Chemist: 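Starting off with a structure, shown below.
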Amino acid sequence: MNDATHAPDDDATGAEPETGAPAPLRSIRRSLAAIVLAFEVIVVFLAALVIWGLAQGAGEEGVLPSWVALAAGGVIILGLVATMGLLRFEWAYVLGWTLQVLIVASGFINPAMFVVGALFGGMWWYCMVAGSRIDRERAAFAASGKEQL
């Protein structure tokens, strides 16, 4: 059956004809960084709720108001989401490191965040090192494959 949406010269797969140019490889470092940042969004959201909830019962003088935890958590979450979108720029990785430091520093408000921040900081570091190494190896392999043609 040949209708208006199916031209007779289309191939059976429906794929676009190839232009001959290989698709650029997606950076492993960028992918890993986005994954870590996405998980951090969830953790920072939950941590902000915990800190906010703990501040509700504390009526002590000199303690930050409870809304500060939600506002600070929201700012960090916005920073994490923005960084995920900006990872195509090299400077976004520096922003990612800055956010890791802020998350560790939130341990001064809730000591459990020292552990959480250290874990995510370690994952961020590993993703930067391993992702860069894999990207270099992939680029070298792709370059050596092109030389053999």
Side-chain angles (χ1 to χ4, degrees), residues 5 10-11 13-149:
T5 60
D10 285 348
D11 63 343
T13 63
E16 293 291 323
E18 292 187 24
T19 59
L25 296 175
R26 180 162 168 91
S27 169
I28 296 296
R29 181 175 81 151
R30 181 176 173 185
S31 298
L32 293 174
I35 291 167
V36 170
L37 293 173
F39 279 114
E40 277 184 305
V41 166
I42 297 166
V43 171
V44 168
F45 172 73
L46 294 173
L49 289 178
V50 166
I51 294 169
W52 174 75
L54 291 174
Q56 293 294 316
E60 303 172 16
E61 298 269 338
V63 177
L64 292 174
S66 61
W67 62 268
V68 172
L70 293 178
V75 168
I76 292 175
I77 288 170
L78 287 175
L80 290 167
V81 171
T83 303
M84 279 189 280
L86 295 170
L87 287 173
R88 64 183 171 270
F89 303 110
E90 195 61 33
W91 56 265
Y93 295 97
V94 175
L95 182 58
W97 278 110
T98 304
L99 290 168
Q100 301 308 314
V101 170
L102 286 175
I103 292 170
V104 171
S106 68
F108 290 112
I109 298 170
N110 183 354
M113 289 304 292
F114 282 128
V115 175
V116 172
L119 288 172
F120 274 105
M123 284 191 290
W124 179 262
W125 172 81
Y126 179 77
C127 290
M128 295 300 102
V129 171
S132 295
R133 180 182 49 80
I134 293 169
D135 286 341
R136 281 191 308 273
E137 289 172 0
R138 286 173 66 189
F141 181 75
S144 68
K146 289 179 185 176
E147 291 173 0
Q148 294 175 356
L149 291 176

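Everything numeric here is computed off the predicted structure, so don't read it as measured data. The basis for the numbers below is simple: all heavy atoms, side chains too, and nothing from hydrogens, waters or symmetry mates.
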Chemist: Suppose we screen for ring pair (Phe, Tyr, Trp, His ring centres under 6.0 Å). Which residues come up paired with Phe89, at least two apart in sequence or across chains?
Modeler: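 By the ring pair (Phe, Tyr, Trp, His ring centres under 6.0 Å) rule, Phe89 matches Trp91.
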Chemist: Taking only residues at least two apart or on different chains, which pairs with a member in residues 64-80 satisfy salt bridge (Lys or Arg N to Asp or Glu O under 4.0 Å)?
Modeler: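 Sorted pair list comes back empty.
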Chemist: Could I get the full list of side-chain contact (heavy atoms from CB on, under 4.5 Å) partners for Ala69, not counting sequence neighbours?
Modeler: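 Partners of Ala69 by the side-chain contact (heavy atoms from CB on, under 4.5 Å) criterion, ordered by chain and then number, come out as Ile51, Trp52.
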Chemist: Just by modelled atom types, is the Phe141 backbone N or O under 3.5 Å from a matching donor or acceptor in the Ser144 side chain?
Modeler: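 Yes, because the side chain of Ser144 sits within donor-acceptor range (under 3.5 Å) of the backbone of Phe141.
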Chemist: Under the rule for ring pair (Phe, Tyr, Trp, His ring centres under 6.0 Å), what residues qualify as partners of Tyr126, not counting sequence neighbours?
Modeler: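 Checked Tyr126 against ring pair (Phe, Tyr, Trp, His ring centres under 6.0 Å); zero matches.
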Chemist: Name the residue from Leu32, Leu37, Val129 that meets the side chain to side chain contact (heavy atoms under 4.5 Å, CB included) definition with Trp124.
Modeler: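 The passing option is Leu37.
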Chemist: Using atom types as modelled and distance alone, determine if a side-chain donor or acceptor of Asp135 lies under 3.5 Å from a backbone N or O of Ser27.
Modeler: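 No; judged by distance alone, with no hydrogens or angles, the pair does not exist.
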Chemist: Exactly one of Val44, Leu102, Ile42 should register a side chain to side chain contact (heavy atoms under 4.5 Å, CB included) with Leu80. Which one does?
Modeler: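 Answer after filtering Val44, Leu102, Ile42: Val44.
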Chemist: State, to 0.1 Å, how close Ala33 and Met128 come at their nearest heavy-atom pair, and which atoms those are.
Modeler: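 Closest approach of Ala33 to Met128, heavy atoms only: CB-CE, 3.5 Å.
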Chemist: Taking all non-hydrogen atoms of both residues into account, name the closest pair between Gly73 and Ala48 and its distance.
Modeler: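 What the structure gives for the nearest pair is CA-CB, 4.0 Å.
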Chemist: Inspect the surroundings of CH2 in Trp97 and state if more than 12 heavy atoms from other residues, nucleotides or ligands are less than 6.0 Å away.
Modeler: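 It does: Trp97 CH2 has more than 12 such atoms within range.
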Chemist: Using the salt bridge (Lys or Arg N to Asp or Glu O under 4.0 Å) rule, collect all pairs that involve residues 36-56, keeping only residues at least two apart or in two chains.
Modeler: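 Passing the test, one end in residues 36-56: no pairs.
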Chemist: Restricting to side chain to side chain donor-acceptor pair (under 3.5 Å), what partner residues turn up for Thr83, sequence neighbours left out?
Modeler: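 Expected list: none.
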Chemist: Got a second to check how far Leu119's CG is from Met123's CE, nearest 0.5 Å?
Modeler: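 The distance works out to 6.5 Å.
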Chemist: Nearest 0.5 Å, what's the CE-CD1 distance between Met84 and Ile35?
Modeler: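 The distance works out to 11.0 Å.
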Chemist: Under the salt bridge (charged side-chain N to carboxylate O under 4.0 Å, His left out) rule, collect the residues that match up with Arg30, sequence neighbours excluded.
Modeler: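 Once residues adjacent in sequence are excluded, Arg30 has no partner under the salt bridge (charged side-chain N to carboxylate O under 4.0 Å, His left out) criterion.
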Chemist: Suppose we screen for side chain to side chain donor-acceptor pair (under 3.5 Å). Which residues come up paired with Ser31, at least two apart in sequence or across chains?
Modeler: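 So Ser31 forms a side chain to side chain donor-acceptor pair (under 3.5 Å) with Arg26.
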Chemist: For residues 104-118, run the donor-acceptor check on the side chains, cut-off 3.5 Å, and write out each pair with its distance to 0.1 Å, sequence neighbours left out.
Modeler:
| from | atom 1 | to | atom 2 | distance (Å) |
| --- | --- | --- | --- | --- |
| Ser106 | OG | Ile103 | O | 2.5 |
| Asn110 | OD1 | Ala112 | N | 3.4 |

Chemist: Arg136: which residues meet the salt bridge (charged side-chain N to carboxylate O under 4.0 Å, His left out) condition with it, sequence neighbours left out?
Modeler: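 Arg136: no salt bridge (charged side-chain N to carboxylate O under 4.0 Å, His left out) contacts found.
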Chemist: As an exercise, state the distance from OH of Tyr93 to OG of Ser132, rounded to the nearest 0.5 Å.
Modeler: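 One gets 8.0 Å once the value is rounded to the nearest 0.5 Å.
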Chemist: I need the minimum non-hydrogen distance between Val36 and Cys127, along with the two atoms involved.
Modeler: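 For Val36 and Cys127, the tightest heavy-atom pair comes out as CG2-SG, 3.6 Å.
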Chemist: Which pairs, with at least one residue in residues 69-81 and sequence neighbours excluded, count as a salt bridge (Lys or Arg N to Asp or Glu O under 4.0 Å)?
Modeler: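 Of all non-adjacent pairs touching residues 69-81, none passes salt bridge (Lys or Arg N to Asp or Glu O under 4.0 Å).
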Chemist: Give every residue pair that meets the salt bridge (Lys or Arg N to Asp or Glu O under 4.0 Å) criterion with at least one member in residues 86-98, sequence neighbours excluded.
Modeler: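 Passing the test, one end in residues 86-98: Arg29-Glu90.
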